[in-house]
Every structure is written in C-alpha cells, then in structure tokens.
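What follows is a single structure, written as structure tokens, with notes after it.
Chain identifiers are assigned alphabetically (A, B, ...) following the order of the sequence lines, protein sequences preceding nucleic acid strands; residue numbering begins at 1 within each chain. Only a predicted model underlies this, so the values are computations on that prediction, with no experimental measurement involved. FYI, side chains are in, hydrogens and waters are out, and symmetry mates aren't considered; it's all heavy atoms of this structure.
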There are 2 protein chains.
Amino acid sequence: MKRLAVVAALVALSACAEAPMRATGDLGLVVERADGALQLVETSHNTRLSRVSGLGDLSHASVVYSRDERYAFVFGRDGGLSKVDMLSGRVVGRVMQSGNSIGGAISQDGRLVAVANYTPGGVRVFDTDTLEMVADIPALGADGQTSKVVGLEDAPGNRFVFSLYDSGEIWLADLKDPKKPAIRKFTGIGKQPYDALVTEDGRYYMAGLFGEDGIAMVDLWNPEAGVRRILDHYGKGQQPLPVYKMPHLEGWAASGTQAFLPAIGRHEVLVVDTTTWREVGRIAVAGQPVFAMLRPDGRQMWVNFALPDNGKVQVIDVPSLSVVKTIEPGPGVLHMEFTPRGERVWLSSRDADHVTVWDTETLEQVAELPASKPSGIFFTARAHRIGL
Amino acid sequence: MKRLAVVAALVALSACAEAPMRATGDLGLVVERADGALQLVETSHNTRLSRVSGLGDLSHASVVYSRDERYAFVFGRDGGLSKVDMLSGRVVGRVMQSGNSIGGAISQDGRLVAVANYTPGGVRVFDTDTLEMVADIPALGADGQTSKVVGLEDAPGNRFVFSLYDSGEIWLADLKDPKKPAIRKFTGIGKQPYDALVTEDGRYYMAGLFGEDGIAMVDLWNPEAGVRRILDHYGKGQQPLPVYKMPHLEGWAASGTQAFLPAIGRHEVLVVDTTTWREVGRIAVAGQPVFAMLRPDGRQMWVNFALPDNGKVQVIDVPSLSVVKTIEPGPGVLHMEFTPRGERVWLSSRDADHVTVWDTETLEQVAELPASKPSGIFFTARAHRIGL
C-alpha cells in the first residue's frame, strides 16, 4: 500500500517533469490567418512546439510581447485582443474590444497595451495583467469626423503615437497616468497616413501618406517643432502603378546613415540619408515592395512584393545597394522575420502552406515548416525593442 | 490505502506546481564578487529570485547569454567558465579552462562561446551545449611573444574579434568551421589595446589604447582596408591624470551620429561624430569615467567613475550634452545596466552592499536590493544583441 503511494507520487512527479522547462528567448508565433490560429515555434532548432486556436479573425493580425516574453498580445482584425501564454501555449485572456482593428503596441514599461481601432475609430488602452480597459481615446479629428486609427507605435516615456487616416492627423498620447491621457495633436499632416513606424531609438515617428507622395515625420524629442514632410513628391510626377497592396512600415530599416523605405506604386526601394532626410538613391526591385527589412547587422536587406510578384523575395547587399539574389520560397510571401542576431530569416508563404527558414550568409534554405495559410511571423526578441 | 496514494500524488503534483513556470525575458544576474556568487534577479518587480554559488573568483566577471536566454556563460577571473541555468538557478557546467582570463563572447548562432585568456595568452572556444573545447588559439604575436588577450567580441558571420595587449595586434577569427579557425591578423595597431567594443550592428571593432591616446578601429565589412586610428592624440599633449582605473568599453554608445567614449586620465567624456570619426566635443564630468552608457533611446547617458569619485553617477542629457543630475547611490558604483526599453537602470554599489534601481525619466530611486559586494549586472536581453 505504501508502495502504491510511492508509485503514484513518482508517476505524478514524472508527469510534471515531462512538461519541460524552457526559456522564452528563442520563441515565436506564426499567424495561420485562415484558421484563426497561431503556431508557437522555436528558432534554435526550427520546430513547431504547439498550436493555439480560438483567436478569431487573424487576417491582418499582429503581435507584441510582454517585457518578460511570457505573453503575446495578439491584435485581430475583428477587434479581438488576445493574451497568449507562450509557455503553456494557451489563450489566457481575450477581449472583443472593437468592431474592427488594425494593430497595436505595448508601453515602454510593459504595463499597458494599446489597440488601433477602425470601428469605432480610436485607441483603447488595456492593462496587460488583467486586460481591463484603462483608457479610451476616440479619434475625433479637427474636421469633426472620427477617423480610423493606423500606425500605432509605442515611444519612450510610456507614450503612444498614432495617425488618423481620414482626417490626416498624428496624435502623441502620454499615458503615464492612464486615467488622464495627455494628448498632443498635429493636424494637416498630409493625406491619408496609412501606416507608420518609429526609429529604433524611438525618436522619430514616420507616417507614410497614401494620398500623396512623402512621409510625415515627428521628432518626438522636439514635438513642439511640429510635423515635417520628408521625401515629398518622390514620385516626381511620374504615373504610379496601380497599387494592389500598400507597402508596410515595420521597424526602421536604417544602416549607418542610410535608411530604406518601400516606394508606393513603384518597383523601387528608396534610399534616404538620415542626416538630411533626403532621398539619395533608389534600388530597382522585382515588383512593388511591401516590406523592406534589414538584417540586424544592417549589411543585407530582404524585400517582399505585392501581387503579381508575391512569390519572390529579393536580397539586397547594402554596401553596393544591389540585388544579389532573387528567391522563390513559395507563393504568397506575406512576412519576413530575422532571428535577433540575424543569422537566419523566416519567410511565410501563404499560398504554399509553409514557412521556410534561410541562412542569411549562404542564402540557402535550411528548414521548412508546414503552416496553414501563414501570414505574420513574430519572435519574442521584439519584447526588448522600442517600436515593436 | 488508495487514499494515501491519491494524497501522495497530489502532494507531488503540488510540489511541482510550486516551481512556477516563468519566462526569461526579464531576468538578470548580479555578480557578488567577493563571494563567488551570482544573484538571479528579475526586473519586472525588482526582486531577487535566488542565489547561485560555487563560481570561483568573480572579481572581474562578465556574462553572456545563450540565444534562448536559458543559460548564462560566466567568465571568471580565475579562468573558470561556468554555465548557469537561469530557470533552475544552478550551475550546470563548469570548466577551468585557463589560469587567468578576462571576459568572453558568444557566437552569432549561439553554438560557440569564446574566452579571452591572459594565462596562457589566447582564446579558447567551447561548444555551448557541452562546454567541450572546440578551438584553441594561442595569441602568439608577430613579435614572438604570447600576449594577454583583451576586448573579445562576437561579430556577424560566426566570427570573433580580439586584441593582443602586449604585442599590439587585432585578430579577426572566423569560426564557421571551429576545427579550422581562419584568422586574419592586424599588427602594429597601437600600444597596449586594453579593451574593445563593436558597434551595435557589429560593423566596427574599436580597441582603446592605453599606451597612447586614440582608438584602433577595424571596419569588419572591409577588413582588407586594415586598421584605422581615430581620436588620435585626444589628450592633446596635456598631462593626463594618474589613472586609477581604466575606462571600460562595453556596448557602443551612439545616438544619431554622435558617439560617446570615456577619456582616459581625464575628467571628460569624448563626443565623436560617427560620419567622420572625429572628436566634436567633450563633456566635463565629475571624475575619470569608467563606463559611459546610453539609455536605449539614446536620449540620456549615465556615467560612473574611478576612485576617488566612484560614489557618484552623473546623468547627461544628450541633446544638450550637459550634466542634468549627479546621483550618489552608494559608494563603489562598479556597473550600470538599463532595462531593454530603458525605463529603468540598475546600479551596483559594491561598498554599500546593495544594488539600486532608478527610474530614468524621474531620475528617482525606485528600489534597492541587498547584495554582497556587487559588481557586474547583466540582463538576459543581451542574448539578442550583437557584441553583448
């Protein structure tokens, strides 16, 4: 009888020993958009750990991470804000917080998560522990209309910056006291800001304009200086191509004093001098670029494209500003993500139902993981980076 | 009897439930130098989790992390290389790999850890899984003597870069095939390189010279261009002060196109234009600086000092290049570490037997943790950064 107790105890202990401890630094999520699911992956051996279901409409989903990398906050297109435990692989919180939303950000101190909503237009802010809403900021523009909010980014000082698509504004919200958000509004910043990024240091907020060529930029160290237009008229009056998909601004792609931005409606990546904010060159690429993403050491850039070229990815050598390889990893390349030190990059191929992993030095594929209509790929290292 | 078995099983299960799962993104280690121990800490609530003993002589110890943040590799002064499991808080591997060593680095892909040795002078490289030695590189200089190795850094492409103190050389070692390290040697680079860093992108390796003013710099994208001297003669012939402690180069402190370096033997921090590599200014500070470390957003710099000023820390506002506060957190401030998004900084006060945590916006202390003769503080976010 005593033996039975000992055996039972050993069985129980071994059952819990079988849930191995693991760290969170090499984890990631792959969005399986059609299924409303996420694959939980690890990048040390390129394997899938588990699948997380029940996340609603993930057709344009994005993810931010808690400061300890324990939790992912998933922003679903249907307005769902989900909290996923990266260690248990379970959804531990979920709020249907709007009718339609696009992206979000986590605060510098990790205590707040903000969501950019289309319907109702505005930003809602939630406590990252409880998912209780702590602030509601309707995006009522100076023109009296409520705008869709896009390009929501975090900035140092527990601030959030975002753009109002319809009324052409940028708002800088200080959330140090969530009960009383202090908001500075910039109006007349340009037509239809459609997306934005902040530089790696969180200093400059840049919103791409759809209604005109150019970027609206705010120096967050000197907001009183207002909004500055850079790369104005870069289309130079030439007829843009029909745009099937807007470029995406995600993470500031700067290497030394050069930055790279996808051009709208052109088969080009713009090269910008960050000391003058002037265009200093263009790189001809295979299609209309969606993402232009730099390897973490800044020596290489990977570019994916809109239809009809979304089966291709081009690798650009930064020193020579030239394309060194064109890869076809499988059609429908929606997203790319580098490992934090840059030795590998993961590419999603929605229409091939797989994700591929590439060695960024040899430019060879090293792994493939099946995935159901994969779109976004987000690694936990983003937890430690301003603006991601 | 059956009930006893059930109770035993429940007790066993609750025992393992009591070892809570935790993520690794907000963890850190504080070196307790006199005790040969490490405190395992977390930065979300500023608490100590446990203490790790048995690490030998940690009087100048430093730490790098595995790519998943699971393991810390601790480089002890006595030549000990220890592998610490950040989740269990235990030493899981230890090698006495030399007689006397100073620092080390982890490879880009996380598979190799390299140690810089004084005795015997050279670099030894180990497999991060097994701690088996995979390469041994004696630092035999062109002058026929074996040098102490200093300033060992990782660089993209699974390379390591390091300096030979006695013979005045810099070596660039490619470890893609650990059995056959490919080494490029730069000789006559200057007198007594004493420490080094790589820029955040891993492009430039910079070695500070003790035997002369100036910095020896290698562009790792263009190693065939050789070594370049920058900031030559910055002492400008003025008599340097007696140096009680050398400045330390750790992490590249650059904000926009300005970089900051502690001057040797002077109460100054040098300001360098990174487009020309010329000195463009100096900031007068309270003593001889040891570390000049930028907050991750680049807007603020914290500086600590050598004796007799090692009880002070100064906070510099980068836009104005002026000291905005002088803090006295407790005597013997040996090290400083920012949280990854910069909202807090941790300071060690060896002679006050505590570590303090500061809010970098209010510049107020927010926490204090007892620690026995603390020196280095290292957060797991370093796992994701080139050169750290």
Side-chain angles (χ1 to χ4, degrees), chain A residues 1-2 4-13 15-17 21-27 42-44 65-71 86-88 108-110 154 156-158 176 201-203 221 255-257 274-275 295-299 319 339-343 361 380-381 383-386, chain B residues 1-2 4-13 15-17 21-27 42-44 65-71 86-88 108-110 154 156-158 176 201-203 221 255-257 274-275 295-299 319 339-343 361 380-381 383-386:
Chain A
M1 296 310 156
K2 189 169 157 191
L4 182 61
V6 169
V7 168
L10 286 172
V11 168
L13 277 168
C16 78
M21 283 198 297
R22 68 168 312 126
T24 48
D26 65 346
L27 300 183
E42 57 80 18
T43 64
S44 296
Y65 287 98
S66 63
R67 68 186 303 287
D68 62 354
E69 298 166 344
R70 178 74 186 256
Y71 300 104
M86 297 295 285
L87 287 175
S88 69
Q108 181 186 27
D109 68 2
D154 59 280
N158 256 28
K176 287 194 203 49
D201 57 11
R203 176 170 183 176
W221 290 11
S255 182
T257 54
T274 58
T275 61
R295 196 171 69 175
D297 72 336
R299 195 168 184 182
T339 50
R341 290 189 189 222
E343 72 280 7
E361 183 120 344
T380 50
H384 299 147
R385 292 187 50 194
I386 297 167
Chain B
M1 296 307 155
K2 189 168 158 191
L4 181 61
V6 170
V7 168
L10 287 172
V11 167
L13 275 169
C16 80
M21 283 199 296
R22 68 169 309 130
T24 47
D26 64 347
L27 299 183
E42 58 79 18
T43 65
S44 295
Y65 288 98
S66 63
R67 69 186 301 288
D68 61 0
E69 297 166 345
R70 178 72 187 257
Y71 300 104
M86 297 296 284
L87 287 175
S88 68
Q108 180 186 26
D109 69 2
D154 58 281
N158 257 27
K176 286 191 203 51
D201 56 10
R203 176 169 182 176
W221 289 13
S255 182
T257 54
T274 57
T275 61
R295 195 172 70 175
D297 72 335
R299 197 168 182 183
T339 51
R341 289 189 188 222
E343 72 281 5
E361 183 119 343
T380 49
H384 299 148
R385 293 187 50 197
I386 297 167

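In this structure, the portion of B/Glu361 lying under 4.5 Å from any heavy atom of chain A is its side chain and not its backbone. Heavy atoms of A/Arg203 lying under 4.5 Å from chain B are absent altogether. Contact annotation for B/Ala381: both backbone and side-chain heavy atoms come within less than 4.5 Å of a heavy atom of chain A. If you measure heavy-atom distances from B/Thr275 to chain A, the contacts under 4.5 Å come from the side chain alone.
A/Arg385 has its side chain out of reach of B/His384: every pair of non-hydrogen atoms, C-beta onward, lies at least 4.5 Å apart.
The two residues B/Thr24 and A/Gly25 make their nearest non-hydrogen contact at OG1-N, 3.7 Å. For the pair B/Ser255 and A/Trp221, the tightest heavy-atom approach, listed with the atom from each and the gap, is OG-CH2, 3.7 Å. Nearest approach of A/Asp201 to B/Asp297, heavy atoms of both residues: O-CB, 3.1 Å.
Taking chain A as the reference chain and counting heavy-atom pairs below 4.5 Å, the highest number among B/Ser66, B/Pro156, B/Ser88, B/Gly110 is found for B/Pro156.
For the pair A/Arg70 (side chain) and B/Met21 (backbone), a donor-acceptor distance under 3.5 Å is present.
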Given side-chain contact (heavy atoms from CB on, under 4.5 Å), test A/Arg67 with B/Thr43 step by step and report yes or no.
-> CA-CA 9 Å; A/Arg67 68 186 303 287; B/Thr43 65; 3.0 Å; yes
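In terms of the side chain to side chain contact (heavy atoms under 4.5 Å, CB included) criterion, residue partners of B/Glu42 (sequence neighbours excluded) are, by chain and number, B/Arg22, B/Asp26, B/Leu27, B/Ser44, B/His45, B/Thr47, B/Leu49. Here B/Asp154 pairs with A/Arg341, B/Ala105, B/Phe160, B/Ile386 under the side chain to side chain contact (heavy atoms under 4.5 Å, CB included) rule; sequence neighbours left out.
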